[in-house]
Amino acid sequence: MSKALPNAGPSKRRTPASQPRRRFLNLGLCALGLAAVFGATQIQPAQARVDSNIYSTPKSLSEFKLQQASGAAFGLENLKGKWSLIVLGYTHCPDVCPFTLQNLAAVEEELSLRVSPARKPQVVFIGVDPDRDHKIIGEYVKYFSDDFLGATGEWSEISKAVETLGGFVRYEGKDKDPEGYKVFHSANIAIIDPQGRRVGSVNPPLQPAEAADFIAALIAKSAREAAAKN
Amino acid sequence: MKIASQRLKARIADDTASPQWRLATITLMVAAALLATILAASASSSVTVSKPWIREAPPGMTVHAGYMALVNNGSADIALTDASSPAYEQVELHISKVVDGIATMQKVAQITVPPGKTVTFKPGGLHLMMIKPKSAIKLGQKVPIELTFSDGSSLTIDAEVKKGGAMPKMDHKMHHGPMDHSKMHHSG
Ligand SMILES: [Cu+2]
């Protein structure tokens, strides 16, 4: 079984966390200078950027019907009224998925220092490999954070979710190795606003503090815009 | 060596036999220790391994990932060609890569370390794919892994099971590939 979905997102662009480009460049030069003084191996903070892709117009999502580990339904409804960060992955992914989820747990911690609990995004891991994910997804996501939510379901519904999230999934060699096959999947983290619209994505690995600044700024901007409309 | 010498002391203290017997015992033990040292040296070739670890896996996972840094102290290329562990049914050499936004993972036949260089296995890049643990793998456990190299030598390392870091020192996006050695703090 193999299913490929086109990535619907626009071409990728790297966005500085918030500064205008000029200022950003200056910071970068400054950081380079510091790096030259302190030894070049440990450069990072000031000039690190959040690798992101934010749409000029948010994209509405279409319906999909998955289940949470508890058995409760998980669909569009669960993405409304709060911000969400959604990752596609599979529980038998030994390297990339645990790394991303651990990374997100750190981002989440930083976010809770920046936004009110009501605005703090829920982190959702969609298990795109239901044969192996179904039984263990609940425990799997809890390992990374008590607040993380895991959801999976029938392949037909997963495929709908993946498509509307602009993602991609492909099983590698499932026929040859029904136990140990790999699953290739989108690496990015989709950002969904409280209207259930996809506003864009960020790409791991994320510097937790920088990513939290970036996401908090996005949330604040959206709140300001909503307030201006009313 | 340390263990051997401790045993030796204990042996001498307990021993009530003749001086000749004592001397013979000491000679034998020293010879054995020397032999062990020589064997270890010839088996380890020019590669040293630093900071081997295995990511503690969330419950239910039957594939784990191991990381380390390989340092080639020799004057010629050397390649890691195989890995195995008594704690797992199979160990493969793998690389994770993000290609056009898609996270992929591939098996690699061998990993070459140029002379004087270090190749670092780390999350999101090169890893030892540890397949099907034979029994539960616990945090803090030391898992032996045997590494085989292109010159026929082999090396057994103990990889500690640890929680993965949320953000291992950045950053593969900036300028480092899997061949990066600038972040290594090896002592040897
Ligand atoms: Cu792997």
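Note that this is a predicted model, so its numbers are computed, not measured. Within every chain, numbering begins at 1; the chains are lettered A, B, ... in the order of the sequence lines, protein sequences first and strands thereafter.
Contacts between B:E92 and chain A at a heavy-atom distance below 4.5 Å are absent for every atom of the residue. Looking at A:Y143, only its side chain comes within 4.5 Å of chain B, counting heavy atoms on both sides. For B:H127, the part sitting under 4.5 Å from any heavy atom of chain A is the side chain, from C-beta outward, and nothing else. Heavy atoms of A:C93 lying under 4.5 Å from chain B belong exclusively to its backbone. Contact of B:M105 with chain A is made through backbone and side chain together, with heavy-atom distances under 4.5 Å.
The aromatic ring centres of A:Y181 and A:H92 sit 6.0 Å or more apart.
A donor-acceptor pair under 3.5 Å links the side-chain atoms of A:N103 to the main chain of A:L206, judged by distance alone. In terms of modelled atom types and a separation under 3.5 Å, the side chain of B:T104 and the main chain of B:K97 share a donor-acceptor contact. Judged by distance alone, the side chain of A:R132 and the main-chain N or O of A:E179 form a donor-acceptor pair under 3.5 Å.
For the atom pair CG of B:D100 and OG of A:S186, the computed distance is 11.5 Å after rounding to the nearest 0.5 Å.
Per-residue counts of heavy-atom pairs under 4.5 Å with chain B were compared for A:K142, A:H185, A:K135; the largest is that of A:H185.
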